[in-house]
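Below is one structure, written out as structure tokens, with a few remarks after it.
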Amino acid sequence: MSVTSKSIVVLISGSGTNLQAIIDAVNNGSINAKIAAVISNRPDAPGLERARKVGINAVVIDQKTITDRDQFDEALIDEIDKYGANLIVLAGFMRILTEKFIDRYEHRIINIHPSLLPEFKGLNTHRRALEAGKTRHGASVHFVNIELDDGPVVIQAEVPVLPDDTEQTLAARVLEQEHIIYPMAIAWYIDGRLEVNDNNILLDKSILRRPALWQANQLTFSE
Ligand code: GAR
């Protein structure tokens with residue numbers, strides 16, 4: 001593994017399978033950065049154990065203790081600023097962030113959302129895709145702005161919706177692809193290949209007119 005001075009902080013709320021994919025990508029050298037800390041808003045998030053197991057700082061800022069939204073985000077900022085991270089990675093972090101937080105880390109917060117944005121912003125995306133009779137569904141990696149699930153999209157993974165899919169089988173098929181595209185996008189950022197300029201995504205200095213597409217184990221770019 002090459003020596004790196006870059007670092008990321010990962011925010012979680014739950015099981016942390018995306019966090020695990022990121023830990024694995026750091027360990028195998030595909031993400032050339034250190035995970036400085038994993039922060040959870042819930043003390044019982046199983047993802048915390050994934051961090052502890054490999055010696056990463058696992059920090060809890062409990063939303064039951066700090067119930068005020070501004071105060072919570074101020075505590076989050078205080079914690080994050082200890083690490084001087086290059087990128088803040090939301091990996092199943094189920095909270096809406098305040099404008100103050102988003103402004104502070106402008107263009108440096110990335111999220112994964114389980115739908116083909118702009119479709120199905122918000123919760124219960126798999127159920128809603130099934131109810132809408134979609135034949136394709138997926139996940140999107142995007143930079144975070146003040147609107148919910150609305151920032152510019154870097155890459156999407158697309159999967160077929162099968163006739164006998166349940167919410168669970170569809171979620172599992174999407175999640176498997178999340179574990180591929182999220183580390184990929186983070187690696188692009190860390191390697192200095194990915195930037196945001198106004199509302200545009202630049203990859204290798206060229207504007208991405210449409211998100212990169214990961215489908216059937218292939219990456220494609222379209223005009
Ligand atoms: C993932 O499916 C992620 O896309 C989703 O939460 C799950 C977290 O799983 N995020 C959102 O819905 C954010 N709006 P994980 O804890 O196993 O990574």
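Each ligand, and each atom within it, is numbered from 1 in the order the structure gives.
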Look at atom 8 (C) of ligand 1 and say which protein heavy atom is nearest, naming residue and atom and giving the distance to 0.1 Å. Gly92 CA, 3.6 Å

min-distance protein heavy atom vs atom 14 (N) of ligand 1 -> His113 ND1, 3.2 Å

Counting only nitrogen or oxygen atoms and a 3.5 angstrom limit, does Asn111 reach ligand 1? no

Atom 5 (C) of ligand 1 - nearest protein heavy atom and its distance: Pro114 CD, 3.8 Å

Measure the shortest side-chain to side-chain distance between Asn18 and Val10 over non-hydrogen atoms and say whether it is less than 4.5 angstrom. no

The protein heavy atom nearest to atom 9 (O) of ligand 1 is Asn18 ND2, 4.1 Å

Return the closest protein heavy atom for atom 16 (O) of ligand 1 as residue, atom name and distance. Gly16 N, 2.8 Å

Decide whether the shortest distance between a heavy atom of Gln20 and an atom of ligand 1 is less than 4.0 Å. no

Should we count CZ of Arg210 as having more than 12 external heavy atoms under 6.0 Å? no

Are Glu79 and Lys82 close enough for a salt bridge, meaning some N to O gap below 4.0 Å? yes

Could you tell me the residue and atom name of the protein heavy atom closest to atom 3 (C) of ligand 1, and the distance to it rounded to 0.1 Å? Glu178 OE1, 3.3 Å

Using modelled atom types only, decide if a donor and an acceptor are shared between the side chain of Arg108 and the backbone of Ala85 within a distance under 3.5 Å. yes

Side chain proximity check, Ile35 to Val54, heavy atoms < 4.5 angstrom: no

Can you pull out the closest protein heavy atom to atom 10 (N) of ligand 1? Residue, atom name and distance to 0.1 Å, please. Ile112 O, 3.5 Å

Under a 3.5 Å cutoff, is there a donor and acceptor pairing between the side chains of His142 and His113? no

Rounded to the nearest 0.5 Å, how far does NZ of Lys121 lie from CZ of Arg128? 10.5 Å

Under-4.0 Å heavy-atom contact with ligand 1, by part of Leu175 that carries it: side chain

To which protein heavy atom is atom 15 (P) of ligand 1 closest, and what is the distance rounded to 0.1 Å? Thr17 N, 3.4 Å

Could you check if a side-chain atom of Ile8 sits within less than 4.5 angstrom of a side-chain atom of Ile22, using non-hydrogen atoms only? yes

